[in-house]
Amino acid sequence: MAQKPSIPKGTRDFGQVEMARRNYIFDTIKGVFSLYGFQQIETPAMENIGTLMGKYGEEGDKLLFRIQNSGEKAALAPEKGLRYDLTVPFARYVVQHREELSFPFKRFQIQPVWRADRPQKGRYREFYQCDVDVIGSDSLLGELELIQIVEEVYKRLGINVCLHINNRKILAGIAEVIGAPDKIVDITVAIDKLDKIGVEAVNAELLERGLSEEQVEALQPILKQESGIRNQDKLASLKEFLASSETGLKGIAEMEEIFEELSIVNCQLSIELDLCLARGLNYYTGAIFEVKALDAQIGSITGGGRYDNLTGIFGLPGVSGVGISFGADRIYDVLTELDLFPKALQSTTQVLFATFGKEELRYALTWAKELRAQGVAVEVYPEPAKMKKQMGYADSKQIPFVAIVGGDELAQGKVMLKNMSTGEQQLMEFGELVKALKS
RNA sequence: GUGGUCAUAGCUCAGUUGGCAGAGCAUCGGAUUGUGGUUCCGAGUGUCGUGGGUUCGAGCCCCACUCUCCACCCCA
């Protein structure tokens with residue numbers, strides 16, 4: 001072998017086993033989305049660079065993959081870039097197709113996105129997002145449905161999770177109350193790291209980001225709120241804290257309504273009002289959520305929130321939406337770590353025809369065609385190789401049955417069906433074969 | 001973008017102070033010309049990540065680049 005080929009940094013090949021498992025995740029998620037009337041769309045891998053730039057903050061712009069122009073324009077600045085997430089292209093889609101859509105518009109989208117990040121475990125330069133959004137309605141039922149979807153998806157996948165929920169209006173209220181409304185971004189970025197770096201470090205970072213000693217001190221009740229407290233009690237004490245902030249009280253009212261709706265539908269999901277949850281993206285304006293796997297240490301596996309004006313940047317103001325994104329790659333890692341993938345995801349082939357000669361091979365072809373017409377997945381070993389080899393192939397692909405065709409079978413118009421797990425075999429004609437394979 | 005780390009057969013990895021490139025697993029062939037998963041026998045494979053340097057001699061030492069993984073930044 002000469003020079004070995006390779007793939008770009010932070011990208012991956014997916015083999016047969018991996019794809020079977022990935023499709024299991026995608027199919028599970030899609031199945032739940034459909035139950036709520038969400039329909040699938042796709043958008044191009046590349047967008048015009050102007051669509052992407054400035055939407056993800058300074059950091060985001062740096063992580064955008066830009067596509068070099070080709071031909072005569074090669075020396076000019078890039079005019080296209082690879083999509084960085086699915087939400088911004090979705091906003092573009094909604095604005096562009098607004099006349100064709102009926103609102104509220106419920107869509108889901110499962111596609112790869114690209115970030116020029118430095119890869120490490122669980123972080124890639126190409127990875128998949130499964131986004132589900134409802135846009136064009138202020139109703140908090142949107143939040144409710146998404147939470148129900150989270151509940152159902154993880155129930156089906158068998159992963160124990162906790163949904164952390166917060167509200168940007170509450171965060172804004174807190175910033176207002178401590179007299180630093182312009183510092184909301186700095187506050188959220190710092191606060192978000194609480195369970196990672198601890199109270200002391202967060203306080204230090206807050207000071208570094210320009211808050212005064214008094215302001216940091218005023219934040220302490222929020223930072224030190226214990227996780228054992230009931231969500232309702234947290235809201236009650238917050239109400240006092242935020243009494244002077246109209247925005248903050250509105251956030252609380254929203255949360256109260258969401259919790260009320262959740263109890264109406266008897267939601268069993270473990271949900272925690274987490275005032276330290278901030279999430280990076282700045283377009284969120286209302287509820288924000290993040291889902292963490294309880295039995296695996298991998299960070300968040302799903303996240304999202306309400307955004308009131310995402311389409312505004314594309315010239316369509318006043319359209320509110322709410323959405324979440326399932327991190328398929330991380331869900332994959334969690335299922336692997338906890339050994340939760342169903343065992344029988346592999347082999348789709350039910351039966352392999354193994355033959356001894358050209359005539360038998362042709363005979364097998366006609367049987368295979370008939371079987372496929374009956375809905376049975378069939379393979380015919382492409383040459384009359386040694387039986388050992390043909391059996392070995394079936395074995396390595398875990399094909400449960402092998403239909404052996406030799407001179408005797410040919411003469412009798414039958415096949416010898418071998419059960420690969422018990423080793424038993426039996427001579428049978430077509431009708432019996434169909435019956436045996438479909439049972 | 002900053003700091004560190006890794007790379008040897010298809011895979012997982014040994015390789016001593018610089019002196020002929022190794023093992024297990026997998027693969028292929030045979031034992032067995034109509035029977036796999038177990039057993040036995042046999043076989044093959046390497047630009048030692050890439051390019052340069054030091055040396056009589058480099059998998060090993062030096063420099064650069066690429067890739068892996070990790071901690072920041074940020075994020076799914």
Side-chain angles (χ1 to χ4, degrees), chain A residues 1-13 15 25 56-64 83-87 110-131 185 188-190 192-193 196-197 201 205 208 278-282 289-293 298-305 323-334 352-357 360 381 384-410 415-427:
Chain A
M1 205 185 319
Q3 253 163 4
K4 281 179 196 170
S6 63
I7 54 176
K9 183 201 284 217
T11 65
R12 297 155 294 165
D13 286 325
I25 295 172
Y56 308 103
E58 226 176 286
E59 201 72 31
D61 282 353
K62 276 194 267 179
L63 299 180
L64 277 178
R83 88 165 87 73
Y84 178 93
D85 72 356
L86 300 179
T87 307
I110 300 178
Q111 289 189 273
V113 303
W114 294 268
R115 296 184 188 178
D117 207 358
R118 190 174 289 205
Q120 43 181 280
K121 190 163 195 118
R123 284 177 87 168
Y124 307 95
R125 293 184 135 185
E126 177 186 65
F127 62 96
Y128 277 71
Q129 288 189 333
C130 312
D131 270 31
V185 172
T188 54
V189 169
D192 198 37
K193 297 176 189 165
K196 209 170 178 181
I197 61 178
E205 184 161 340
E208 205 176 300
R279 288 191 64 73
L281 295 170
N282 288 320
F289 356 82
E290 204 155 270
V291 177
K292 288 181 178 155
I298 192 155
S300 116
I301 53 178
T302 292
I324 52 170
S325 179
F326 288 81
D329 298 281
R330 288 196 175 170
I331 292 172
Y332 185 100
D333 289 343
V334 171
L352 173 79
F353 277 87
T355 60
F356 286 102
E360 290 94 325
Y381 198 87
K386 284 183 180 168
M387 203 36 56
K388 179 186 169 80
K389 187 154 185 162
Q390 303 190 62
M391 299 293 279
Y393 175 80
D395 193 54
S396 72
K397 277 190 84 169
Q398 294 177 44
I399 297 171
F401 293 97
V402 173
I404 299 161
V405 187
D408 299 346
E409 288 82 2
L410 198 63
V415 296
M416 182 69 81
L417 184 70
K418 172 161 178 153
N419 180 323
M420 293 297 277
S421 53
T422 64
E424 288 167 9
Q425 56 186 47
Q426 196 183 343
L427 202 58

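Chain letters run A, B, ... following the sequence lines, proteins first and then strands; every chain starts at 1.
Judged by distance alone, with hydrogens and angles left aside, Gln390(A) brings no side-chain donor or acceptor close enough to the base of U35(B) to form a pair under 3.5 Å. With hydrogens and angles ignored, a donor-acceptor pair under 3.5 angstrom links the side chain of Arg118(A) to the base of U2(B). Contact annotation: side chain of Arg123(A) to base of C74(B), donor-acceptor pair present below 3.5 Å. Not a single donor-acceptor pair, N or O on each side, falls under 3.5 Å between the base of G37(B) and the side chain of Asp395(A).
Among the nucleotides C74(B), G34(B), G36(B), the one closest to any side-chain atom of Asp117(A) is C74(B). Of the listed nucleotides (C73(B), G30(B), G34(B)), C73(B) has the atom at the smallest distance from the side chain of Lys193(A). In this structure, of A76(B), G34(B), G30(B), it is G30(B) that holds the atom nearest to the side chain of Lys386(A). Of the candidate nucleotides C74(B), G36(B), G34(B), C74(B) has the atom nearest to the side chain of Val189(A). Of all nucleotides listed (G30(B), G34(B), G29(B)), G29(B) comes nearest to the side chain of Lys389(A). Residue Glu59(A) places its side chain closer to C74(B) than to any other of G36(B), C74(B), C72(B).
The nearest whole Å value for the distance from the OH atom in Tyr393(A) to the P atom in U35(B) is 21 Å. Look at OH on Tyr381(A): it is 14 Å from P on G36(B), rounded to the nearest Å. Atom CD in Gln426(A) sits about 22 Å away from atom P in G34(B), given to the nearest Å.
Relative orientation of the Tyr381(A) and Tyr393(A) rings is perpendicular, given thresholds of 30° and 60° on the angle between their planes.
Atom CG of Leu417(A) sits about 11.0 Å away from atom CD of Glu409(A), to the nearest 0.5 Å.
One C1' atom belongs to C20(B), the other to G34(B), and the distance between them is 48 Å to the nearest Å. Distance noted for atom P between C11(B) and C75(B): 36 Å (whole Å).
Counting non-hydrogen atoms under 4.0 angstrom, Tyr128(A) reaches nothing in the nucleic acid.
Ranked by how close their nearest RNA chain B nucleotide is to the 5' end, Gly406(A) and Glu205(A) are led by Gly406(A). The nearest heavy atom of RNA chain B to Phe326(A) and to Lys9(A) marks one nucleotide each, and the one closer to the 5' end goes with Lys9(A).
The ring of Phe127(A) lies on top of the base of A76(B), close enough and flat enough: under 5.5 Å between centres, under 30° between planes.
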